[in-house]
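Written out below as structure tokens is the structure these notes cover.
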Number of protein chains: 2
Amino acid sequence: MKKPTLKDVARESGVSAITVSRALRTPDAVSEKLRARIDVAIEKLGYVADAAASTLASNRSNIIGVLVPSFSNNVFSDVLAGASRVLEGTKYSLQIGNTGYSALTEEALIPRFLTLKPAGLIVAGIDQTEKSRQMLAQANCPVVQVMDTTPDPIDVIVGFSNEQASFEAVEHMISQGFRRVAFLGTRMDPRTQQRLAGFRAALEKHGLYDEKLLITTPQKSNVAIGRHLLATLLETHPECDAVFCNNDDVAVGAALECQRRHIRVPQQLGICGFNDLGTTSQMYPEITSVYTPRTEVGARAMQYILDRNADQPPPENRTIDLGFDLRIRASTQRH
Amino acid sequence: MKKPTLKDVARESGVSAITVSRALRTPDAVSEKLRARIDVAIEKLGYVADAAASTLASNRSNIIGVLVPSFSNNVFSDVLAGASRVLEGTKYSLQIGNTGYSALTEEALIPRFLTLKPAGLIVAGIDQTEKSRQMLAQANCPVVQVMDTTPDPIDVIVGFSNEQASFEAVEHMISQGFRRVAFLGTRMDPRTQQRLAGFRAALEKHGLYDEKLLITTPQKSNVAIGRHLLATLLETHPECDAVFCNNDDVAVGAALECQRRHIRVPQQLGICGFNDLGTTSQMYPEITSVYTPRTEVGARAMQYILDRNADQPPPENRTIDLGFDLRIRASTQRH
DNA sequence: CTGTTAGCGCCTTCAT
DNA sequence: ATGAAGGCGCTAACAG
């Protein structure tokens with residue numbers, strides 16, 4: 001026995017196929033009586049609409065595409081979690097692409113996602129290629145850039161300023177008396193570069209910037225790398241008195257390395273992380289970090305897409321800055 | 001200007017539409033000469049096949065569905081990463097659903113995924129509802145269950161035995177002289193239940209099982225919860241001499257709580273984690289954990305789906321057990 | 001509010 | 001190896 005189609009439901013309920021279609025998509029446009037009959041028939045036959053057919057006919061699917069740079073990055077899994085929560089109970093579903101932090105991979109993925117006639121698209125950051133920007137700008141659906149900010153989004157952007165967040169964190173460190181602050185950085189993707197820019201701006205403002213204190217690696221970040229970066233720093237620049245890490249994994253690794261070496265935090269070395277993923281606040285001593293609103297960003301981005309699909313007008317301001325929260329803890333408090 | 005269709009490419013290259021279609025899907029069935037002409041036309045027009053139309057006509061899409069219990073669980077993000085790596089450069093893409101650890105949500109998601117005519121489906125574990133099992137068994141595509149093992153998979157299962165892994169870890173702890181071993185557990189999803197079963201079996205074998213030493217919470221796991229569970233344990237059962245944690249976050253939290261309380265590990269308290277996500281091995285002292293082959297599981301599951309879609313026969317054995325690796329470190333070594 | 005007609009763009013089937 | 005005809009299941013556009 002084959003899967004029932006719209007026609008089968010129509011026959012069963014004694015109406016035409018298009019009426020069933022309407023009963024499903026715009027119930028208000030169908031009389032209550034027919035709607036009831038149709039619902040019974042649908043239930044009885046176990047009818048489920050064919051997604052491909054309706055996409056083909058309407059040139060619009062219920063798929064929302066999300067392009068993330070990595071699956072194993074906790075930041076983006078939080079964004080996804082926030083986005084997917086908003087989708088619960090709706091007709092929409094998530095299709096996910098992994099760009100591997102490559103703008104070119106992203107560029108290759110975009111046309112594939114666009115053929116799905118998506119109801120919306122979410123992409124990470126603002127560092128698309130020119131071609132990607134064009135494709136996205138011409139896409140027949142809402143497009144949200146996330147986890148960054150710019151006055152000039154493709155459509156809408158939801159995020160915060162990585163540069164400003166770092167700037168404020170480093171300002172705080174300087175205010176606590178740290179003078180030789182190093183930067184521990186992994187992967188060096190665009191958002192890490194922005195954090196570096198904020199780091200630099202804050203130190204330069206006080207005449208403290210020293211590019212020799214940038215310890216970076218192209219590898220992806222994890223706690224082991226954090227330990228390793230700190231070890232490298234201490235060998236080459238033992239005089240440094242604090243580290244600003246591009247994310248929490250690195251900060252946790254740095255803190256653990258300090259434990260092993262019996263370096264007192266923050267007396268001998270200050271430590272600051274980024275993202276406040278949850279472990280920094282549990283360490284002993286507790287580690288300062290910058291909380292970033294990851295799930296909120298995902299949720300807000302998705303909500304915009306749903307709103308647009310429900311024909312609501314776009315917000316007056318296309319740049320939605322959700323801010324950040326510097327969470328000052330023992331690891332940077334000297335006073 | 002509209003998007004070019006197969007017809008446009010056909011006109012441009014002077015052949016019929018169906019020939020273009022074949023050149024794309026079964027290049028070997030088209031003469032070299034035509035193929036070359038068609039390729040030029042495709043390039044020139046920037047043709048991209050319409051996914052909905054081809055799904056409708058062929059009753060088969062290039063979407064592979066994955067149902068995960070959570071996005072923020074590192075275990076499943078690793079599975080996804082492994083799966084997505086295998087997909088790189090293929091025509092397939094990933095569509096992801098979030099079951100939120102609910103078998104009923106999963107049951108509701110399955111029909112929605114099946115209407116996509118997926119090229120394959122990956123689901124977590126073996127605890128589907130009966131209805132889910134039926135739908136999956138009748139699905140017209142390969143179905144892989146992951147991160148568990150059973151002699152009776154729906155189609156194929158790729159994973160390892162959570163119960164056996166826990167059993168061996170706890171056996172090791174007992175061999176090191178631990179006698180009052182507690183279980184710290186979060187969420188209590190099926191795989192955690194299995195770990196609990198292995199924990200229990202090992203202790204019962206030596207007459208050491210004490211159900212009062214089970215400290216659990218339905219909350220999702222994180223480092224803070226780990227600290228909290230250990231604190232609770234110490235208040236109620238200060239005589240316990242080791243903890244087996246249902247995952248690494250909990251173990252890290254337990255270890256951090258020990259640091260604060262100046263409890264010596266492993267002398268006063270042994271600690272064992274699960275999954276070996278990377279932080280346990282960096283702690284001081286290093287924490288024993290059970291490595292689970294998460295990315296391998298994702299990759300293997302996906303490879304099976306690709307193979308089946310390339311008309312390769314299924315493996316003789318439908319249960320693929322990738323095993324685990326008990327990584328013994330300082331936190332449980334007393335001898 | 002309901003129905004008729006005509007595709008959407010591709011692939012299956014059958015022919016050559 | 002190539003092509004012609006038809007249909008996949010649904011919805012847009014237009015009627016009534």
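Residue numbering restarts at 1 for every chain, and letters A, B, ... go by the order of the sequence lines.
- Residue Ser21(B) has a polar side-chain atom (N or O) positioned under 4.0 Å from OP1 or OP2 of dC11(C).
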Which atoms of nucleotides 12-16 of chain D (N or O only) lie under 3.5 Å from a protein N or O atom, and what are those distances?
unit_1	atom_1	unit_2	atom_2	d
dA12(D)	OP2	Arg25(A)	NH1	3.3

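- The backbone N or O of Ser77(B) lies less than 3.5 Å from no partner atom in the side chain of Arg294(B), so there is not a single donor-acceptor pair.
- The closest side-chain donor-acceptor pair between Asp189(A) and Gln193(A), if any, does not fall under 3.5 angstrom.
- Considering only heavy atoms from C-beta on, Pro153(B) stays 4.5 Å or farther from Val156(B) through its side chain.
- In this entry the distance linking NZ of Lys7(A) with P of dC8(D) reads 6 Å, nearest Å.
- Nucleotide dC1(C) holds its P atom 17 Å from the CG atom of Leu24(A), rounded to whole Å.
- The backbone N or O of Thr295(B) lies less than 3.5 Å from no partner atom in the side chain of Arg85(B), so there is not a single donor-acceptor pair.
- Of the two residues near DNA chain C, Ala52(B) and Ala29(A), the one whose nearest nucleotide lies more 5' is Ala29(A).
- Proximity of a side-chain donor or acceptor of Asp8(A) to a complementary backbone N or O of Thr5(A) within less than 3.5 Å is detected.
- Separating the CG atom of Asp8(B) from the C1' atom of dC10(C) is a distance of 13 Å, rounded to the nearest angstrom.
- Using a cut-off of 4.0 Å between Lys/Arg side-chain N and Asp/Glu carboxylate O, Asp50(A) and Lys117(B) are scored as salt-bridged.
- When the side-chain nitrogen and oxygen atoms of Ser54(A) are compared with OP1 and OP2 of dC10(D), none of them lie within a distance under 4.0 Å.
- Rounded to a whole Å, the CG atom of Leu114(B) is 16 Å from the P atom of dG9(D).
- Remark: the backbone N or O of Ser54(B) is paired with a side-chain donor or acceptor of Ser58(B) at under 3.5 angstrom.
- A donor-acceptor contact closer than 3.5 angstrom is absent between the side chains of Arg133(B) and Thr129(B).
- The side chain of Ser31(A) has dT2(C) as its nearest neighbour among dT2(C), dG9(C), dA1(D).
- Between the CG atom of Asn59(B) and the C1' atom of dT12(C) there is a distance of 11 Å, rounded to whole Å.
- No contact: Asp28(B) has no heavy atom under 4.0 Å from any strand.
- Residue contacts for Leu56(A): at a heavy-atom cut-off of 4.0 Å it reaches a base atom on one of the strands shown.
- At a non-hydrogen distance threshold of 4.0 Å, Tyr47(B), Ala49(B), Asp50(B) from residues 33-50 of chain B come into contact with DNA chain C.
- Between the side chains of Asp155(A) and Gln145(A), not a single donor N or O lies within less than 3.5 Å of an accepting N or O.
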